[in-house]
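Only one structure is covered here, and it is reproduced in the block below.
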Number of protein chains: 2
Amino acid sequence: MALFLSTFINRIDKKGRVSVPASFRASVSAQAFNGVVLFRSHAHACLEGVDYATMEELSGRLDAYDFLSSDQDDLATSIFGEAVQLTFDGDGRIVLPADLIAHAGLGDQVAFVGMGRKFQIWNPDHYKARRDEARQHVFEKGLTVPRRPDGDKGGRD
Amino acid sequence: MALFLSTFINRIDKKGRVSVPASFRASVSAQAFNGVVLFRSHAHACLEGVDYATMEELSGRLDAYDFLSSDQDDLATSIFGEAVQLTFDGDGRIVLPADLIAHAGLGDQVAFVGMGRKFQIWNPDHYKARRDEARQHVFEKGLTVPRRPDGDKGGRD
DNA sequence: AAAATATCCATGTTATACCATATGTATAGG
DNA sequence: CCTATACATATGGTATAACATGGATATTTT
């Protein structure tokens, strides 16, 4: 299992600890780093989560830019400077830093929303509105999943 | 773990000593040289930091220029000529040379900003402005991380 | 000898690894 | 078909270790 699927609501305690859904943990269990990487979403009041391998892949793709170029600098600052890597404790929990909790407006409950290669962390109340909005956009604009890109070998896992 | 991630604020004492964040130290621990390489940023009032292996790779990239070309000469001078190797002491600290402290306008606190394969060292106050600027550039220019480069096998898992 | 550099030690704070308990779900038995 | 039990997950609390930081001592350099 490599994909983040479905939505889970978990509690967050006073110290910012929260259990990562077991199925999400299974999705990153093949990694060397036992945990996830989080950063603030630029588009929404939520957090984005990926596995460590995804960060490595992003780093590799950034090499397409010249070293020391200003575009590479802007991207690297925005992506890597703000990211935090959070290790699972023995029971599969992570501790959310206070500034990330603030950015997402999290209370005592958080929603883990699977989005395939990544996942998002929401205040459950805010997420409902976001979900309806997303559905509405897909319907109004008639959005579809694009066909496979040329170079993609299309591994079905 | 080879990536520099996240931002850390550490104190600098009167002698210019500062702790390198533990996770950054872990990122260079595979190297033979127990320390980091720093040089002045050309674009900003900050310092750039890499591990020794990256310097070797940069050297390889510069081979793209013709040997004895003036461009290669300029780059090699400003990168390799200015670079300093700083060894960790027993507690993971380095001593920042006075001219580098001056260039970055460092006070009693420094921000280590992870940027993937490299990191930057900032005056924390200046960095906040820089972070916002970078985000703005990414948004205005619509910068994205490019698709996989040609040679990239792009293995996930 | 003086200054600069490196090594060592000691301490407070913070994070995290560990343990113990609850809750919910699936399974098996009556 | 309902109930009891066992398993897996989630949650709450505590102790230990790692880290950052300040200071002191030794070593080298000029």
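A quick note: this is a predicted structure, and the numbers were derived from the prediction, not measured. Computed over heavy atoms, backbone and side chain alike; hydrogens, waters and symmetry mates excluded. Protein chains get the first letters and strands the later ones, always in sequence-line order, with residue 1 at the start of each.
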Does the distance from a Lys or Arg side-chain N to an Asp or Glu carboxylate O, for K15(A) and D13(A), drop under 4.0 Å?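 Salt bridge flag = no for D13(A) with K15(A).
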Interatomic distance, [X] [atom1] vs [N] [atom2] [rounded to whole Å]:
X	N	atom1	atom2	value
N10(A)	dA8(D)	CG	P	18 Å
K14(A)	dT14(D)	NZ	P	10 Å
R25(B)	dT21(D)	CZ	P	11 Å
I9(A)	dG24(C)	CD1	P	15 Å
L86(B)	dA4(C)	CG	P	18 Å
F8(B)	dA18(D)	CZ	P	17 Å
Q109(B)	dA20(D)	CD	P	14 Å

Does one hydrophobic cluster hold both F88(B) and V95(B), with members joined at side-chain heavy-atom distances below 4.5 Å? no
Tell me which nucleotide among dA24(D), dG13(D), dT11(D) gets nearest to the side chain of R11(A). dT11(D)
Give the residues of residues 87-99 of chain A touching DNA chain D, defined as any heavy atom closer than 4.0 Å, sorted by residue number. D91(A), R93(A)
Between M55(B) and I79(B), which heavy-atom pair has the shortest distance, and what is it? CE-CG2, 4.1 Å
Minimum-distance pair of heavy atoms, taken over all atoms of L47(B) and L38(B): CD1-CD1, 4.4 Å
Earlier contact from the 5' end, DNA chain D, for V20(A) and R17(B): V20(A)
Are the side chain of T87(A) and the backbone N or O of G35(A) linked by a donor-acceptor pair below 3.5 Å?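 No, T87(A) side chain to G35(A) backbone: no donor-acceptor pair under 3.5 Å.
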Select base, sugar-phosphate, or nothing to describe what K15(B) touches, counting heavy atoms under 4.0 Å on all strands. nothing
Do F8(B) and F112(B) make the cut of ring centroids closer than 6.0 angstrom? no
